[in-house]
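The next block holds one structure in the form of structure tokens; read it before the comments.
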Amino acid sequence: YMTGPVFLEGNEVNLRTIEEEDIDFLQKNINRPDVRRFLTVRKPINKAQQMDFFEEVISSEEDVHLAVCSEDQITGIISLEEAEDVRTASIGLWISPQHQNNGYGTEAVKLITEYGFKELNYHRIYARAYEDNKGSQRIWEKLGFEKEGELREQTYYNGEFRDIYMYGILDDEW
């Protein structure tokens, strides 16, 4: 089901606004162990908390949060968040497990990176990938993001500290 208007159009995916009707999808996925293991979320999110996040974060004018849709079905979320640094932003992405490995994440990143450089005039866009999230690393490398470093033991999951890799790309490299 497609609720919000398409904001960025691609071949396999469209990026559209996130609407209140998407809250169940967000809550269901954000609580899944196989989704949250690569996010900073570590505690359960109930409906009221998800609604607060929708109202305070997604609906604020600060950053860009879009639903990744394929054939009118929401498959994940992508964000472009302005950093403190001048003309710099970071991309956040998750695709629900049943929709992974279809190229949706790659195309969504391509669309939002293009938008960030061409419409918002960013100079640098960066992203993070957990050391055991090979799918995420493949996306950044495939699209020409450079691995710029690693944050050693930056995250904790399943009883272990793990590294986070940092990837970045400049407007003239895109």
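Side-chain atoms are counted along with the backbone in the values below, which use heavy atoms only and exclude waters and symmetry mates. In this text, all values refer to a predicted model and were calculated from it rather than measured experimentally.
With contacts defined as side-chain heavy-atom distances shorter than 4.5 Å, the pair L66/R16 does not qualify. By the 4.5 Å heavy-atom criterion applied to side chains, P97 and V35 are counted as neighbours. For the pair L15 and V6, the minimum side-chain heavy-atom distance is 4.5 Å or more. Looking at heavy atoms from C-beta onward, I77 lies out of side-chain contact with N29 at the 4.5 angstrom threshold. In this structure, N101 and R138 have side chains that are in contact, with non-hydrogen atoms separated by less than 4.5 Å.
At most 12 non-hydrogen atoms from other residues, nucleotides or ligands lie less than 6.0 angstrom from CZ of R152.
Judged as a side chain to side chain donor-acceptor pair (under 3.5 Å), and not counting sequence neighbours, the contacts of E82 are Y122. Every residue two or more places apart in sequence or in another chain that forms a side-chain contact (heavy atoms from CB on, under 4.5 Å) with Q49 is listed here: I45, N46. The side-chain contact (heavy atoms from CB on, under 4.5 Å) test applied to K43 returns no partner, not counting sequence neighbours. Here K47 pairs with D24 under the salt bridge (charged side-chain N to carboxylate O under 4.0 Å, His left out) rule; sequence neighbours left out. Judged as a ring-ring contact (aromatic ring centres under 6.0 Å, His included), and not counting sequence neighbours, Y157 has no contacts. In this view, K147 and E150 satisfy the salt bridge (charged side-chain N to carboxylate O under 4.0 Å, His left out) rule, not counting sequence neighbours. Among residues two or more places apart in sequence or in another chain, the side-chain contact (heavy atoms from CB on, under 4.5 Å) test is passed with E84 by none.
Under the 3.5 Å distance criterion, the side-chain polar atoms of Q137 are matched with a main-chain donor or acceptor of E131. Counting only distance, with no hydrogens or angles, the side chain of R87 and the backbone of N121 share a donor-acceptor pair below 3.5 Å. R36 places no side-chain N or O within 3.5 Å of a backbone atom of P44 that could act as its donor or acceptor partner. Side-chain atoms of N133 never come within 3.5 Å of backbone atoms of A129 as a donor-acceptor pair (strictly under, hydrogens ignored). Using modelled atom types, one side-chain atom of T88 and one backbone atom of V86 make a donor-acceptor pair closer than 3.5 Å. The main-chain N or O of E19 is found under 3.5 Å from a side-chain atom of D22 such that the two form a donor-acceptor pair.
The minimum heavy-atom distance between F117 and L170, with the atom names listed, is CZ-C, 3.6 Å. Between F54 and I18, the closest heavy-atom pair is CE1-O, 3.5 Å. Considering all non-hydrogen atoms of both residues, K142 and T106 come closest at NZ-OG1, 3.4 Å. The heavy-atom pair separating V13 from S70 by the smallest distance is CG1-CB, 4.5 Å. In this structure, G116 and L80 approach most closely via the heavy-atom pair CA-CD2, 3.8 Å. Residues I74 and A67 approach most closely at CD1-CB, 3.7 Å, considering heavy atoms.
Residues in residues 55-107 take part in these ring-ring contact (aromatic ring centres under 6.0 Å, His included) pairs, two or more places apart or across chains: F25-W94. The list of side chain to side chain donor-acceptor pair (under 3.5 Å) pairs with a residue in residues 4-13, not counting sequence neighbours, is empty. Counting only residues at least two apart or on different chains, no side chain to side chain donor-acceptor pair (under 3.5 Å) pair has a member in residues 52-61. Residues in residues 158-174 take part in these side chain to side chain donor-acceptor pair (under 3.5 Å) pairs, two or more places apart or across chains: E114-W174, H123-D171, D132-R162, E141-Y167.
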Query raised in the report: Going through the checks in order, is the side chain to side chain contact (heavy atoms under 4.5 Å, CB included) test met by N14 and L8?
Result: CA-CA 6 Å; N14 289 322; L8 297 172; over 6 Å; no
Query - Derivation and outcome, side chain to side chain contact (heavy atoms under 4.5 Å, CB included), residues T40 and R128 - result: CA-CA 11 Å; T40 52; R128 304 159 14 133; 3.8 Å; yes
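Through side-chain heavy atoms spaced under 4.5 Å, either directly or across other Ile, Leu, Val, Met, Phe, Trp or Tyr residues, Y156 is tied to F161.
Residues I78 and L143 share a single hydrophobic cluster, defined by chaining ILVMFWY side chains whose heavy atoms lie under 4.5 Å apart. Cluster membership for M51 and V41, using ILVMFWY side-chain heavy atoms within less than 4.5 angstrom, is shared. Linking Ile, Leu, Val, Met, Phe, Trp and Tyr residues whenever their side-chain heavy atoms come within less than 4.5 Å leaves L120 and Y126 in two separate clusters. F38 and V109 fall into different hydrophobic clusters, where Ile, Leu, Val, Met, Phe, Trp and Tyr are joined by side-chain heavy atoms under 4.5 Å apart, directly or via other members.
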